[in-house]
Each structure stands twice: as C-alpha cells, then as structure tokens.
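Taking it in order: structure first as structure tokens, then the write-up.
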Amino acid sequence: MEKCILPHDHGEPIEKLIHHMPREEDFQTVADIFKQLCDRSRIRIFWILCHCEECVINLAALTGMSSPAVSHHLRQLKASGLIVSRREGKEVYYRAADTETAQTLHRMIEKMVEIACPAEEET
C-alpha cells in the first residue's frame with residue numbers, strides 16, 4: 001500500500017490505521033444493519049424475538065401494533081438477516097437469527113437501554 005500523506009501532519013503514524021481500515025463496502029454493510037435500529041418498534045420486535053419465538057398476531061398484541069405494521073417490520077428484519085422464520089401449518093413463527101450479528105445487536109440494545117434507562121434502586 002502507498003504511503004498516505006495527509007494535509008496536516010500531527011505527528012501520529014497513520015499508516016497502520018489505514019492498512020487495517022475496512023473496505024468502504026464493509027462500512028455500508030454495517031450501515032445497512034444499523035438502519036434496522038432506526039425505528040423503536042422494530043427494535044422492540046427484534047428484542048422480543050431475541051427472547052422467544054412468536055407469530056405475527058402475538059407480536060401485534062405484545063407491541064400494541066396492527067398485524068400489517070408488525071409484518072412490515074418483520075420483512076425488513078428478515079431481509080437484513082437479523083431474524084428467521086419457520087412455518088408450522090398455517091402459522092409462521094419468527095425468532096432472532098442464530099448469528100453473531102444478531103446476538104451482538106441484541107447485547108448492544110440491552111446495554112444501551114441499561115445505560116440510558118438505569119433502573120432505580122429499591123429502598
């Protein structure tokens with residue numbers, strides 16, 4: 001790789017960072033995954049599916065949303081690979097994908113909720 005010459009030299013070696021920087025396409029993949037987290041209803045549905053397997057009707061009841069709205073979010077989550085589904089008769093059940101990405105996002109959501117909304121200690 002060519003030596004990177006920056007407009008301002010602040011005395012910090014940048015070559016090692018540049019050598020290990022992911023490709024632009026990799027950052028797009030991460031951005032696409034994070035797009036799934038831009039809607040609180042979608043985050044909530046994903047969080048539920050990290051803890052159990054559910055059908056659209058039950059998810060709608062749990063979230064107070066309409067079935068079509070839940071289905072819309074499920075399609076987006078499934079397209080991103082964060083959830084999977086299985087059919088049993090006429091019913092379709094959804095759950096979080098068993099992937100490192102889905103598990104990491106689940107942990108991140110729980111940690112962000114913990115940081116942003118700390119539980120009040122009981123007296």
Side-chain angles (χ1 to χ4, degrees):
M1 171 171 244
E2 260 181 58
K3 181 173 172 126
C4 181
I5 299 174
L6 299 177
H8 297 130
D9 182 2
H10 298 289
E12 297 291 324
I14 196 78
E15 286 78 21
K16 189 173 182 179
L17 172 69
I18 297 299
H19 180 70
H20 293 290
M21 184 166 44
R23 298 172 305 142
E24 190 172 337
E25 297 81 21
D26 296 332
F27 286 110
Q28 185 59 53
T29 300
V30 173
D32 292 342
I33 292 167
F34 282 155
K35 283 179 189 176
Q36 297 305 315
L37 304 178
C38 71
D39 184 283
R40 67 180 177 202
S41 296
R42 194 173 309 128
I43 295 171
R44 196 162 64 159
I45 290 168
F46 176 69
W47 183 88
I48 291 168
L49 295 176
C50 287
H51 294 271
C52 63
E53 184 178 63
E54 275 303 344
C55 65
V56 173
I57 299 296
N58 285 354
L59 287 168
L62 285 166
T63 60
M65 298 170 62
S66 69
S67 292
V70 169
S71 293
H72 167 76
H73 290 300
L74 290 171
R75 277 191 300 278
Q76 291 183 311
L77 289 166
K78 190 170 182 184
S80 70
L82 293 175
I83 66 169
V84 295
S85 64
R86 70 175 178 86
R87 180 175 290 279
E88 190 173 301
K90 293 182 179 182
E91 201 70 64
V92 178
Y93 294 92
Y94 298 88
R95 64 177 172 80
D98 188 21
T99 64
E100 188 174 351
T101 300
Q103 291 171 8
T104 300
L105 283 175
H106 175 228
R107 287 190 303 271
M108 185 183 77
I109 291 165
E110 292 205 336
K111 188 64 174 175
M112 292 304 298
V113 168
E114 177 186 319
I115 291 168
C117 310
E120 291 185 28
E121 293 185 31
E122 295 182 31
T123 55

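In this text the structure is predicted, and so the values were computed from the model without any measurement.
Contact detail for Phe46 and Ala102: the closest heavy-atom pair is CZ-O, 3.5 Å. Closest non-hydrogen pair, Val56 versus Tyr94, comes out as CG2-CE1, 3.8 Å. Residues Gly81 and Ala97 share a closest heavy-atom pair of O-CB, 3.4 Å.
Counted within 6.0 Å of CD on Glu25, heavy atoms from surrounding residues, nucleotides or ligands total more than 12; the atom is thus considered enclosed. The number of heavy atoms from other shown groups lying within 6.0 Å of CE (Met112) does not exceed 12. Counted within 6.0 Å of CD on Glu100, heavy atoms from surrounding residues, nucleotides or ligands total 12 or fewer; the atom is thus considered open. At most 12 heavy atoms of other shown residues, nucleotides or ligands fall within 6.0 angstrom of atom CG in Asp98.
By the criterion of side-chain heavy atoms lying less than 4.5 angstrom apart, applied directly or through intervening Ile, Leu, Val, Met, Phe, Trp or Tyr residues, Tyr93 is not grouped with Leu82; the two fall into different hydrophobic clusters. Connection of Leu74 to Ile48 is established within a shared hydrophobic cluster, with ILVMFWY side chains joined at heavy-atom distances below 4.5 Å, either directly or through further cluster members. Put simply, Ile57 and Leu77 are part of two different groups of oily side chains (I, L, V, M, F, W, Y) that touch within less than 4.5 Å, one to the next.
In this structure the side chain of Arg95 reaches within 4.5 angstrom of the side chain of Val84, judged on heavy atoms. Here the side chains of His73 and Leu59 are not in contact, with every heavy-atom distance at 4.5 Å or above.
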Please evaluate residues Ile45 and Arg42 with respect to the criterion side chain to side chain contact (heavy atoms under 4.5 Å, CB included), reporting the C-alpha separation (whole Å), side-chain torsions for both, the decisive distance (0.1 Å), and the verdict. CA-CA 5 Å; Ile45 290 168; Arg42 194 173 309 128; 5.7 Å; no

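We find the CZ-OG distance between Arg75 and Ser85 to be 12.0 Å, quoted to the nearest 0.5 Å. Taking OG1 of Thr101 as the reference point, atom CD1 of Ile33 lies at 4.5 Å (rounded to 0.5 Å).
Applying the side chain to side chain donor-acceptor pair (under 3.5 Å) definition to pairs two or more places apart or across chains, those involving residues 47-68 are Trp47-His51, Trp47-Glu110, His51-His106, His51-Glu110, Glu53-Arg86, Glu54-Asn58.
Residues Ser41 and Arg44 bring no donor and acceptor atom of their side chains to less than 3.5 Å of each other.
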